[in-house]
Amino acid sequence: MEIRPVRYDHPDAVTLDALVQQEYVRRYGDGDMTPLDPEMFTPPHGAYLIAYDGARPLATGGWRRQEDLAEGYALGDAEIKRMFVVPEARGRGLARQILAALEADARAAGRSRMVLETGTEQPEALELYASSGYVLVEKFGLYRTYDESRCMAKSLVADV
């Protein structure tokens, strides 16, 4: 298994993004409406990663700098987007590996907090994040008014 940084508009990223959108439709009845641009995931503003088994892309995730105070973000925030593992590769720890790599990259870029939004119809995501040290926080972002939305955060700085 190899985790590689790619552009958000890389063909493998586009393919995995289409699959995650299908997953959202299946679980919530609609895809994610968050406007995303490839430049949001280019260093030092973010990163986009894909886990490969040989040439086959199996998992993905990205982070982007997000500090829109009006939408509930804080200075220093890095927001996780598009965490996804293809169904046949689930249960192998790929999401946890992607998550750890995203946290390390955001920390190296000077970000102080990792935030994410997921939902009640993704219990495995909620479990992954909670077991990785994320806690529920006040809602932020596009889906902050949705009942199904759950926002979580984790500090990226060591306690002094």
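Quick note: residue numbers are just sequence positions, from 1. These numbers come from a predicted model, not from an experiment.
Note that CG of Leu128 and CD1 of Ile98 are 11.5 Å apart. Values are rounded to the nearest 0.5 Å. Atom OG1 of residue Thr42 and atom CG of residue Asp37 lie 8.5 Å apart, to the nearest 0.5 angstrom. With rounding to the nearest 0.5 Å, the separation of OH in Tyr8 from CG in Leu36 is 4.5 Å. Rounding to the nearest 0.5 Å gives a distance of 5.5 Å between CD of Gln122 and CZ of Arg27. In this structure, Glu117 CD and Asp32 CG are separated by 7.5 Å, a value rounded to the nearest 0.5 Å. The line from OH of Tyr146 to OG1 of Thr120 is 13.0 Å long, rounded to the nearest 0.5 Å.
Glu67 and Arg111 are joined by a salt bridge, as a carboxylate oxygen and a charged side-chain nitrogen come within less than 4.0 angstrom of each other. In this structure, Arg7 pairs ionically with Glu39, as a charged nitrogen and a carboxylate oxygen lie closer than 4.0 Å.
Counting all heavy atoms, side chain and backbone alike, Ser112 lies closest to Leu75 at OG-O, 3.9 Å. Lys154 approaches Ser132 most closely through the heavy-atom pair NZ-O, 2.8 Å. Shown here for Gln21 and Gly31, the closest heavy-atom pair between the two residues is OE1-CA, 3.2 Å. Nearest heavy-atom pair across Arg56 and Val86 is NH2-CG2, 4.4 Å. Residue Leu126 comes nearest to Gly119 through the heavy atom pair CD1-O, 3.7 Å, listed as atom of the first residue, atom of the second, then distance. Taking all atoms of both residues into account, the shortest heavy-atom contact from Ala109 to Pro44 is CB-O, 4.1 Å.
Val137 and Leu99 end up in different hydrophobic clusters when Ile, Leu, Val, Met, Phe, Trp and Tyr side chains are linked at under 4.5 Å. Cluster membership check: Tyr48 shares its hydrophobic cluster with Leu94, using side-chain heavy-atom separations under 4.5 Å among Ile, Leu, Val, Met, Phe, Trp and Tyr. No path of Ile, Leu, Val, Met, Phe, Trp and Tyr side chains, each step under 4.5 Å between heavy atoms, connects Tyr28 with Val25, placing them in separate hydrophobic clusters. With hydrophobic clusters built from ILVMFWY side chains whose heavy atoms lie under 4.5 angstrom apart, Val157 does not share a cluster with Leu102. Taking hydrophobic clusters as Ile, Leu, Val, Met, Phe, Trp and Tyr residues chained together by side-chain heavy-atom distances below 4.5 Å, Val115 does not share a cluster with Leu136.
Tyr73 contributes no side-chain N or O that, together with a main-chain N or O of Arg65, makes up a donor-acceptor pair within less than 3.5 Å. A donor-acceptor pair is defined here as one N or O able to donate and one able to accept, closer than 3.5 Å; no such pair exists between the side chain of Lys81 and the backbone of Arg64. At least one donor-acceptor pair under 3.5 Å links the side chain of Arg107 to the backbone N or O of Leu156. A donor-acceptor contact shorter than 3.5 Å links the side chain of Thr60 to the backbone of Leu49.
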Open item on the list: I'd like to know whether Leu16 forms a side-chain contact (heavy atoms from CB on, under 4.5 Å) with Ile50, so could you lay out the CA-CA distance, the side-chain angles of the two residues, the decisive distance to 0.1 Å, and finally the verdict.
Closed with: CA-CA 9 Å; Leu16 290 172; Ile50 294 180; 4.1 Å; yes
Task: Worked verdict on Ile80 versus Tyr134 for side-chain contact (heavy atoms from CB on, under 4.5 Å) - done: CA-CA 12 Å; Ile80 293 173; Tyr134 287 77; 3.7 Å; yes
Open item on the list: Between Glu124 and Val85, does the side-chain contact (heavy atoms from CB on, under 4.5 Å) criterion hold? Intermediate values first, please.
Closed with: CA-CA 11 Å; Glu124 61 285 309; Val85 178; over 6 Å; no
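Shown here is Glu127, whose CD atom has no more than 12 heavy atoms of other residues, nucleotides or ligands within 6.0 Å. Other residues, nucleotides and ligands contribute over 12 non-hydrogen atoms within 6.0 Å of the CD atom of Glu2.
Residues Phe84 and Arg90 form a side-chain contact, since some pair of their non-hydrogen atoms from C-beta on lies under 4.5 Å apart. Annotation: side chain of Leu116 is not in contact with side chain of Met83 (no heavy-atom distance under 4.5 Å). Under the 4.5 Å side-chain criterion, counting only non-hydrogen atoms from C-beta, Arg144 is not in contact with Cys151.
Under the ring-ring contact (aromatic ring centres under 6.0 Å, His included) criterion, Tyr24 pairs with no residue, sequence neighbours left out.
Judged by the 6.0 Å distance and 45° axis criteria, Arg4 is positioned over the aromatic ring of Tyr52.
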